[in-house]
Amino acid sequence: MQITSNSKQYLIVDDFFNESELKYLWEELDTLQSKDVLQPPSNTAGAKGDDGTIIKKNSGIFLDDYYENREESSILNMYDKYICTDIYERFSTMSPEFKYAFYVNFDRTLLNYYENNDHYKPHTDAAILTCLYWCYKEPKAFEGGDLTLHQIGEVIGMKNNRLVIFPSHNVHSVSPVSMEEVGQGKGRYCISKFLFVYPSVGK
Amino acid sequence: MKVTSESNDFLVIDDFYTEDEQINIWKELDFLTYDRKLMPPEETGTAHDQTTGEALKKNSALFLDRLYARRELSNILNINRKLFSQEIIDEFNGMDNCFKYIHHTNYDATLISYYEEKDYYKAHTDSSILTYLYWCHKEPKKFEGGDLILPELDEGITYKNNRLVIFPSWRLHEVTPIKMIEEVEPYSGYGRYCITNFVYIK
């Protein structure tokens, strides 16, 4: 696990999961694929365009909804690894939005899978901070699927076992994936974790 | 209503509520200003000192959302929707990026706080996205102090009637002690009121 970005606006962590974590991750992803649980965009609360149209094309599922107990999912448990000293120490030197990381008390995790022509047009997330974890099966069978952070004007290349964290109000998009061998789980996985500061009182 | 601050880190808006709105706010504050309604810090979720565990505030307070099952029954819970009017949101342009979360915020909690002699709130942060503080008192003013300090910015925002202050909730803030300049009975209603809104994305 290694922080490989210098920007104050976003954080890139490469080699996020270690070998044994990756084994559990792929077991879970393959199981979910074999059970055919991934849903079309209309079922995964995607961002909408100004005219109300769906602006993503992929398949996905909120893991928090799929599992009755968080303990059943290796991914949900392992993902909390982002709360480690190195990343936390870095948060305090980032842009002000990262200060909210220290108050996070709730999160939602969405598994996304992109195959040929899948994409996500520019949008913001209704959360405080967005974590994106990317992975795919080697050898890589697709092209595209890079992340653009529009306000910052930067493109972050799709890389296996990479975690990206940025403030959710940043407009971001995923470039179209192109591939030939569809339907075999060889596409682009993105596990999005949305971080919240939830209220205890209010309406 | 007029923005009187120049900082990108916090927003000060003076003359926030109209005369009519203030009259209806006072009706409800008068109804609430009793010892069994406005409660001590332990009952209203105070910030604590991380080393000593001591409550950082001394005042009396009430979460209005806990009192009313229906928002429309409260003057303040209705009138304070003005906090989220387009007019105020437009003022967020050019502010620190944390103000951008306003476009996704969809939930808030309203806390009434009342400060009399020797009451204060030491430096603390709030567990929400944005914090809105609205201040008011009954004329003639019978106290001194109760100013807001933002220690990290080395800025002080003077207490003023009908003033609204907005800042990101992670920002350290404190209220200087109140000194009553005229002796009053407890819960006289002549102290310093603060109506706080904590704003969230849920």
Side-chain angles (χ1 to χ4, degrees), chain A residues 7-11 45-50 55 62 64 88 91-108 110 122-131 149-154 165-172 192-203, chain B residues 8-10 43-45 47 50 61-74 77-78 80-81 84 92 95-112 124-132 152-153 167-172 196-202:
Chain A
S7 171
K8 291 201 181 306
Q9 317 290 322
Y10 61 85
L11 195 66
K48 294 201 165 69
D50 290 337
I55 57 171
F62 274 102
D64 322 84
Y88 253 47
F91 281 159
S92 53
T93 68
M94 305 283 288
S95 67
E97 302 98 303
F98 286 87
K99 297 248 177 13
Y100 291 114
F102 305 112
Y103 300 88
V104 166
N105 54 7
F106 186 79
D107 60 69
R108 295 267 289 158
L110 175 65
H123 65 286
T124 60
D125 299 329
I128 310 303
L129 294 167
T130 299
C131 308
L149 296 172
H150 293 267
Q151 281 125 317
I152 307 164
E154 293 212 28
I165 308 177
F166 57 90
S168 308
H169 67 73
N170 279 305
V171 178
H172 55 287
S192 309
K193 188 180 179 90
F194 304 107
L195 306 180
F196 297 89
V197 179
Y198 250 39
S200 53
V201 195
K203 288 187 168 70
Chain B
N8 294 332
D9 296 305
F10 61 87
E43 300 194 37
T44 57
Q50 295 206 331
L62 172 72
F63 271 106
L64 266 197
D65 315 85
R66 285 196 174 139
L67 182 64
Y68 294 99
R70 290 164 55 190
R71 162 159 242 127
E72 57 270 29
L73 300 180
S74 161
L77 290 181
N78 279 288
N80 74 3
R81 296 306 86 191
F84 311 111
F92 288 14
M95 299 294 289
D96 176 90
N97 273 341
C98 294
F99 285 82
K100 288 195 175 141
Y101 289 110
I102 193 65
H103 301 297
H104 282 295
T105 54
N106 53 4
Y107 195 90
D108 70 291
T110 302
L111 177 70
I112 310 283
H124 66 286
T125 61
D126 301 327
S127 293
S128 49
I129 310 306
L130 294 168
T131 297
Y132 292 58
E152 296 150 327
L153 298 173
F167 52 87
S169 305
W170 52 261
R171 195 161 280 299
L172 211 52
T196 305
N197 276 74
F198 303 104
V199 177
Y200 303 88
I201 297 170
K202 195 167 186 273

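Just so you know, these numbers come straight off a predicted model, no measurement behind them. Each chain gets a letter, A, B and so on, in the order its sequence line appears, and its residues count up from 1.
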Exercise. Is chain A contacted by the side chain of B/Phe63, its backbone, both, or neither, given a heavy-atom distance below 4.5 Å?
Worked result: side chain
For this session: With a 4.5 angstrom heavy-atom cut-off, could you sort out which part of A/Ser95 is near chain B: side chain, backbone, both or neither?
Result: neither
Problem set entry | Flag, side chain of A/Tyr100 to backbone of B/Ile129, donor-acceptor distance under 3.5 Å | yes
Exercise. Which residue out of B/Asn197, B/Thr110, B/Thr125 racks up the most heavy-atom pairs below 4.5 Å with chain A?
Worked result: B/Thr125
Exercise. Between B/Phe99 and B/Pro168, what is the shortest heavy-atom contact and its length?
Worked result: CE1-CD, 3.9 Å
For this session: Please look at A/Asn105 and chain B and tell me whether the side chain, the backbone, both or neither of the residue comes under 4.5 angstrom of a heavy atom of that chain.
Result: neither
Exercise. Relative to the ring of A/Tyr198, is the ring of A/Phe196 parallel (under 30°), tilted (30 to 60°) or perpendicular (over 60°)?
Worked result: perpendicular
Problem set entry | Heavy-atom pairs under 4.5 Å with chain A, option from B/Val199, B/Ile201, B/Asp96, B/Leu111 with the top count | B/Ile201
Seminar exercise, completed: Sorted by chain and number, sequence neighbours left out, salt bridge (Lys or Arg N to Asp or Glu O under 4.0 Å) with A/Asp107 holds for A/Arg70, A/Lys193
Exercise. Take atom CD in B/Gln50; do more than 12 heavy atoms of anything else shown fall under 6.0 Å from it?
Worked result: no
Seminar exercise, completed: Ranking B/Asp9, B/Asn97, B/Thr105, B/Asp126 by heavy-atom pairs under 4.5 Å to chain A gives rank one to B/Asn97
